[in-house]
Each structure stands twice: as structure tokens, then as C-alpha cells.
Amino acid sequence: MIKDLRAELGQTKEISRQIELYCELSHAHKSVNPRITISYGNKAIALALKAKNDTLLAHAYNVTGSGHYLLGDIEKAVDFYYRALRIREKLGDLSDLSTSYNNIANVYLDQGNPKEALPIYKKALSLATSAQDTARMSGTLINIGNVYQQQGKHDLALIYYREALPIKEKLKDRQGILISLTNIGSAYNSKNDYRTALSYLDRAQVLAEELGAPHDMVYVLRYKAASYLLAKQYEKALDNALSSMELSKIYEGKYEIKEDAAILDQIYEAMGNYEMAHFYLNLSKKYSDSLHNERSANTLAQERVKYETAQKDQENLLLRAEQELNLEKLEQRSITQYFTIALLVLVCVVAYVFFRGRQHQSRINSILTQKNELITHKNEALNQHQKVLTEQAEQLNIQKEKLSQLNTIKDKLFSVIAHDLRGPLVALKGLLHVMAMGKVPADKQESLFNSLVKGQQNVLWMLDNLFDWAKAQMEGFEADPKPLRMRELVDENLRLLMPLASSKGIILENKITSDISGFADKEMVRLVLRNLISNGIKFCREGDEVTLSAYFCQNMLVVSVKDTGVGMTPEIQQKLFGRGSYSSRGTANEKGSGLGLSLCKDFVEQNHGTIWVESTPGKGSNFMFTLPCVPEEPDEEERTANQEPVEQPQDTSLQLV
């Protein structure tokens with residue numbers, strides 16, 4: 001690639017293409033030699049200034065800053081990054097702005113300030129998303145993962161690294177794939193899972209060798225050394241760390257040398273070679289002091305202040321211009337008002353002259369007034385007619401929306417019937433056919449019969465949910481609240497679901513005491529409990545538990561359906577109670593219609609309660625909902641005091657007229 005770029009540079013005479021080639025050559029040498037990166041970047045800057053091309057000049061500033069950044073020269077890197085940012089702010093290119101904010105955030109992160117870096121990275125991600133630039137989005141996701149990795153939030157870092165990896169693979173960005181694999185391996189090292197770390201780092205090493213990227217190989221070898229150190233394979237750890245150090249010295253990267261010296265210090269200390277450990281400890285401290293000096297931090301702060309000050313000056317200039325424009329408008333308005341007043345005076349004078357000069361003008365005015373009244377009446381009639389038409393149009397729009405909603409419900413019903421109900425019914429038909437043919441061995445008849453019963457029960461529950469949901473969407477529903485004994489209602493559902501739980505080896509437990517009662521519609525609460533318990537069974541594995549409990553809080557009854565199953569991520573939790581339906585397969589490949597939780601939410605809210613979920617991936621979920629408490633009945637004295645006297649009926653006769 002570098003060879004092709006150099007060949008094209010020697011042939012092209014177009015100055016803008018020459019600048020682009022210098023920038024591409026500068027970028028291509030970032031993983032090989034940052035000094036060459038700076039050299040090509042400076043040539044691109046000189047040509048861009050000569051051509052007065054701001055877009056290419058900003059690009060040249062950016063790649064040159066990256067070269068200084070890789071060499072550990074933070075002051076110059078910050079200077080070039082902010083030069084690029086100022087130009088790109090004027091041009092308004094979202095992708096280029098995202099790149100500049102990413103680079104500035106990188107400096108904050110390397111200076112040990114992740115709190116300052118994170119909002120800048122998120123701004124960069126927002127810009128890249130708005131521009132639909134997937135390459136920059138994936139790079140920013142990796143950088144956000146680095147922030148959480150530095151903060152010790154390794155699981156959160158892994159989420160961002162894994163989100164970036166498939167994007168890089170789709171883009172066929174081999175270096176991006178290499179960086180993602182390396183970062184994932186580092187995160188697993190931080191979790192002391194060196195086996196998983198090595199599986200990712202070995203893939204990264206193969207890719208780094210294919211690409212010929214010594215800078216990336218430095219990180220791969222260092223993280224492999226950390227993995228072997230965790231595994232107490234000290235010789236392998238030492239070989240990888242020394243190889244990484246050799247590449248860092250060739251590459252002349254201060255940050256890389258510092259980190260390699262730190263891992264060598266740990267390895268030699270673990271091997272008992274304290275003399276070499278002390279040597280590399282001093283070397284790491286030397287480069288750390290060089291990188292994290294007060295001057296670098298001050299430079300970054302000064303550049304940021306200058307940038308923000310320039311923005312404020314521009315805002316003040318706009319405010320002054322707006323004030324001047326308002327003054328001009330005010331003067332024009334005053335002139336218009338004076339002219340209007342003068343014109344009105346003139347009209348009054350003319351009207352007075354005509355009134356005094358021609359008495360018959362009054363008759364004409366009377367006729368004109370009558371005509372005006374007639375026109376006014378006609379206008380009012382037209383306005384009334386238009387109002388009626390508008391109301392009719394609104395009614396038509398409402399009817400159209402209702403028809404569209406009913407059509408959506410119909411499509412949903414057909415979809416569920418076609419996919420979610422037809423499959424189980426076909427399976428049940430097959431089982432019945434096999435059993436009717438008498439081809440089932442005696443030892444397997446019981447298991448097939450259990451499968452038949454379970455399938456039939458699932459189809460019935462799915463139909464119940466489907467019809468209840470359809471009725472709620474099309475006709476609405478009204479709750480009929482009554483006192484409920486929660487333990488009895490829960491026991492009834494547990495007896496119904498016990499065969500399903502037993503088939504998966506799941507324990508069901510009711511911890512609700514017999515004295516706890518709520519005030520709600522019994523059938524609605526029964527459906528809510530059945531859906532939540534069956535969901536818990538669906539996402540539990542063998543040996544897991546589904547526990548039901550209840551307690552009172554702030555005059556409300558809180559009911560909990562807690563399981564120790566697979567749990568769910570925050571992203572999935574946000575989808576559960578939305579307006580649409582969300583469904584996923586259970587631990588035994590069970591499938592649902594996606595309507596159960598939506599129906600639970602509607603029924604709980606209809607009974608003046610709320611429903612929510614608390615879940616942790618791998619640790620289970622806790623679905624909770626509230627119901628009103630049973631209202632207290634007034635005592636005998638209150639009832640007597642509140643009773644109104646009843647008037648005794650009198651004998652009356654009706655007279656027919």
C-alpha cells in the first residue's frame with residue numbers, strides 16, 4: 001500500500017491530490033514509524049497552506065498531531081489537534097469533527113483523566129452517528145471501552161469492545177479488528193481470565209504479523225506477557241515482554257517503553273530477580289515522568305481555554321450584530337408608525353371635508369354599511385361551514401388512525417397465529433399421529449405424553465395471552481377490584497405451572513404469608529402472575545429457583561417474582577414494557593408471542609399499580625409490581641353517623657288524566 005501511494009505521488013501533478021497522498025502516507029506510517037508520519041504531515045501542511053485548502057489543511061494538522069502523540073510529544077500533539085478542530089468547526093463536517101474530538105479525548109485519557117475524556121468521546125460518537133460514519137463510530141466505541149478499562153469497569157469495557165468488533169469485521173478493517181481483539185484480551189487479563197485473554201491475543205498476533213504492524217504488535221506481546229504472568233509461566237511472560245520492549249525501542253514510543261518496563265518489573269519481581277526488577281521500575285518511572293509532566297497538562301488546558309474563549313468571542317460578536325439589527329428594526333418601526341399616524345390624520349381630514357361638503361355621502365355610507373353587514377354574515381356562514389368541514393376532517397383522521405391501529409392489531413394477530421401458534425400445533429399433530437399409529441415404544445410413551453401435555457398447555461396460555469391482548473387493544477377493559485388473598489392465588493398458579501417447572505428441574509417457592517391481601521381484579525392479577533412465573537421458568541436452568549414474595553410499602557402491596565436464571569442486559573430491560581412486543585427464546589429453546597409482558601403492564605396499570613424489573617446478566621431477574629391495599633372499612637359508629645335519614649313512603653293514589 002505504501003509503495004503504491006509513493007508511486008502515485010511521483011506521477012500526479014494536481015496539488016490537492018498531492019496533499020491527500022501526503023496525508024495518506026502519513027497515516028499509513030503510524031504503525032511503522034511516527035517520525036515518518038510527522039515528516040509527511042509537515043509536507044501536507046505546507047502544500048495545503050499554499051493551496052489555501054482548509055479541508056485538507058485540517059486533515060494535515062490532524063495526522064501530524066497523531067505522529068507527535070505517538071512519539072509522546074504531548075505539547076505539539078495538542079497544538080496540532082486544536083488547529084484542526086478550529087478549522088473543522090468552521091467547515092461543519094461531522095465526521096472530521098468526530099475525529100478531532102476523539103484525538104483530544106485520547107490525550108486526556110493518556111494523561112490519566114478519564115472523567116474529562118469520556119464526555120468528549122461521547123460527543124465524538126454522537127457526531128459520527130449523525131454522519132452515519134460507521135468507521136469512526138466503531139473507533140470511538142473502542143476508545144470509550146478504554147475509558148472504562150482504565151476506570152476498572154472491565155465488564156462495561158468488554159461491552160463496548162465487543163460492540164465495535166463486528167462493525168470492524170463488516171468494514172473489513174483489519175487493523176481495527178486487530179485493535180479490538182487486543183483490547184478484549186487486555187480486558188480479560190484484568191478479570192484474571194488469562195485463558196480467554198490468550199485466545200483473543202493469539203488471533204491478534206497472527207493478524208499483526210500479516211499486516212506488518214510493529215506498533216500494534218507491541219501491545220499484543222505486552223498483553224500476552226501479562227497473561228502468562230497471571231498463569232505463572234514466567235519464562236513465556238519474559239520472552240513476550242522483552243520482544244515488546246525491543247519493538248518499542250525501534251518504534252521510539254515513550255508510552256510503549258514505559259508500559260513494557262512496568263510489566264518487566266512485575267515479571268522479574270515474580271521470578272525473584274529484584275536487581276532487574278528495580279532497573280525496569282526506574283525506567284518506567286523515568287518515562288512516566290516524561291509523559292505526565294505538568295507542562296503537558298498546562299498545554300492541554302491552555303489550548304482548551306483558547307478554543308472556548310474563541311467560541312465565546314464569536315458568540316459575543318453575533319449578539320452585538322443582533323443588537324444592532326434590532327436597533328435598525330426599531331428605527332424602521334418608528335418611522336413606519338409616524339408615517340401611519342400622519343396618513344391617518346390625512347384620511348380623517350379628507351373624510352371630514354367630504355362629510356361636510358356632501359351630505360348625501362351619509363346615505364351612500366348607509367348602503368355600504370348594509371352591504372358590509374351582508375358580506376360579514378356571509379363570511380360568518382362560510383367560516384362556520386369551514387369549521388364544520390375541519391371537524392369532519394379531524395373525525396376522518398381519528399377514524400383513519402383507529403382503522404390503522406386495528407389493521408396493525410390484525411397483522412399482529414395473524415403473525416402470531418401463523419408463526420407462534422401454528423408451529424406448536426403442527427408439532428402436537430405430529431405427536432398425536434405417531435401415537436395413533438402405535439409406533440411409539442412403551443418406554444417412550446410417557447415422555448411423549450408429557451411433551452404433548454406441555455405443548456397443549458403452552459398453546460392454551462399463548463391463546464389466552466393473545467385473546468386478552470387483542471380484546472384489550474380493540475375493546476378496552478375495566479378492572480373489577482376486590483380483596484385478594486395473594487397466597488391462595490399464587491398457590492393456584494404454582495400448581496398449574498409445577499409440571500413445566502419439574503420437567504426443567506426448577507424449584508418453585510411461595511413465601512407469601514396467608515395474611516397478605518391486595519385490592520385488584522382477580523382475573524387480571526391471575527394472568528399477571530401466570531405470565532411472570534412462566535417467564536421465570538422459561539429463562540431458568542436446571543437447579544435454578546423461582547421465588548414469590550410480597551410486602552407492604554407506602555400503602556401499596558409489592559409482589560416480587562424473583563428467579564436465579566440467566567438475567568438480562570439493561571438494553572433488553574428497556575424493551576420489555578414498550579408499546580411493541582419483545583420476545584426471546586428460553587433456556588430450553590422455548591418461544592413466546594411477545595405479548596405477555598405488555599399485557600401484564602396494561603393489567604397492572606389498570607389496577608392502579610406499576611410494574612418494573614431488576615436484573616443482572618448471569619444472576620437472574622426480579623419482576624415486581626404493586627397493587628393497592630385493601631381499603632379499611634369504617635367502624636359501626638362512623639357508619640351510623642354517615643347514614644342519612646330515610647323518608648318513609650306515604651300512601652298515594654295516581655290520577656289518570
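Just so you know, residue 1 is the first one in the sequence shown, and it goes up from there.
Residues Leu211 and Asp216 fail the side-chain proximity criterion, which asks for heavy atoms closer than 4.5 Å. Residues Lys191 and Asp155 have side chains in contact (heavy-atom distance under 4.5 Å, counting atoms from C-beta outward). No side-chain heavy atom of Thr55 sits less than 4.5 Å from a side-chain heavy atom of His59. Asn62 is listed as a side-chain neighbour of Tyr81, based on a closest heavy-atom distance under 4.5 Å. Looking only at side-chain heavy atoms (C-beta outward), His29 and Arg35 stay at 4.5 Å or farther from each other. Within the 4.5 Å cutoff, the side chain of Tyr121 has heavy atoms near those of the Leu109 side chain. Here the side chains of Ser98 and Thr140 are in contact, with some heavy-atom distance below 4.5 Å. Side chains of Leu221 and Asp239 form no contact here, defined as non-hydrogen atoms less than 4.5 Å apart.
Closest of all the heavy-atom pairs between Ser621 and Val613 is CB-CG2, 4.5 Å. Of all heavy-atom pairs between Glu545 and Cys540, the closest is O-SG, 4.1 Å. Of all heavy-atom pairs between Ala277 and Glu269, the closest is CB-N, 3.7 Å. Pairing each heavy atom of Lys601 with each of Ile611, the nearest pair is CA-CG2, 3.8 Å. Here the closest heavy-atom approach between residue His68 and residue Ala77 is recorded as CB-N, 3.8 Å. Among all heavy-atom pairs drawn from Ile19 and Ala44, the shortest one is CG2-O, 3.9 Å.
Here the options are Leu141, Asn183, Leu181, the test is side-chain contact (heavy atoms from CB on, under 4.5 Å), and the partner is Leu165; only Leu181 passes. Of the candidates Asp202, Asn189, Asp193, Asn189 is the only one forming a side-chain hydrogen bond (donor to acceptor under 3.5 Å, both in side chains) with Ser227.
Take Ile159 and apply the side chain to side chain contact (heavy atoms under 4.5 Å, CB included) test, not counting sequence neighbours, and it matches Leu156.
We find the CG-CG distance between Asp563 and Asp544 to be 7.5 Å, quoted to the nearest 0.5 Å. With rounding to the nearest 0.5 Å, the separation of CG in Asn240 from CG in Leu229 is 11.5 Å. Distance check: Asp260 CG to Tyr287 OH gives 11.0 Å after rounding to the nearest 0.5 Å. Leu71 contributes atom CG, which lies 11.0 Å from atom OG of Ser66 (distance to the nearest 0.5 angstrom). The line from CG of Leu97 to CZ of Arg88 is 7.5 Å long, rounded to the nearest 0.5 Å. Here Glu210 contributes atom CD and Gln205 contributes atom CD; the two are 11.5 Å apart, rounded to the nearest 0.5 Å.
A donor-acceptor pair under 3.5 Å links the side-chain atoms of Thr37 to the main chain of Ser26, judged by distance alone. The backbone N or O of Leu201 sits nowhere less than 3.5 Å from a side-chain atom of Lys224 that would complete a donor-acceptor pair. A donor-acceptor pair under 3.5 Å links the side-chain atoms of Gln573 to the main chain of Ser615, judged by distance alone. Listed for the Ser199 side chain is a donor-acceptor partner under 3.5 Å among the backbone atoms of Thr196. Judged purely by atom type and a 3.5 angstrom limit, Ser180 uses its side chain to pair as donor or acceptor with the backbone of Gly176. Side chain of Thr129 to main chain of Leu125: a donor-acceptor pair is present (N/O by atom type, distance under 3.5 Å, no hydrogens or angles).
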* For side-chain contact (heavy atoms from CB on, under 4.5 Å), just list the numbers for Gln149 and Ser190, CA-CA rounded to whole Å, side-chain angles, deciding distance to a tenth of an Å, and then say yes or no. => CA-CA 8 Å; Gln149 177 74 352; Ser190 301; 2.8 Å; yes
* To do: Output, in order, the C-alpha distance, side-chain angles, deciding distance and verdict of side-chain contact (heavy atoms from CB on, under 4.5 Å) for Tyr108 and Ile104.
  => CA-CA 7 Å; Tyr108 277 108; Ile104 292 170; 3.9 Å; yes
* Does the side-chain contact (heavy atoms from CB on, under 4.5 Å) test come out yes or no for Met271 and Met276, once each step is laid out? -> CA-CA 10 Å; Met271 296 175 70; Met276 292 301 296; over 6 Å; no
* To do: Might you work through the side-chain contact (heavy atoms from CB on, under 4.5 Å) test for Ile142 and Tyr160, ending with a clear yes or no?
  => CA-CA 6 Å; Ile142 293 173; Tyr160 281 90; over 6 Å; no
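No more than 12 heavy-atom neighbours from other residues, nucleotides or ligands sit within 6.0 angstrom of CD on Glu542.
For the residue pair Glu256/His215, the side-chain donor-acceptor check at 3.5 Å is satisfied. With hydrogens and angles left out, the side-chain atoms of Asp79 and Tyr61 include no donor and acceptor closer than 3.5 Å. No hydrogens or angles considered: nothing links the side chains of Tyr22 and Asn42 as a donor-acceptor pair under 3.5 Å.
Ion pairing between a basic and an acidic side chain is recognised when a charged N comes within 4.0 Å of a carboxylate O; Arg136 and Asp96 show such pairing.
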Which donor-acceptor pairs under 3.5 Å do side chains of residues 8-15 form with protein atoms, sequence neighbours excluded?
unit_1, atom_1, unit_2, atom_2, d
Glu8, OE1, Arg17, NH2, 3.3
Glu8, OE2, Arg17, NE, 2.9
Glu8, OE2, Arg17, NH2, 3.1
Thr12, OG1, Glu14, N, 3.4
Glu14, OE2, Ser16, OG, 2.9

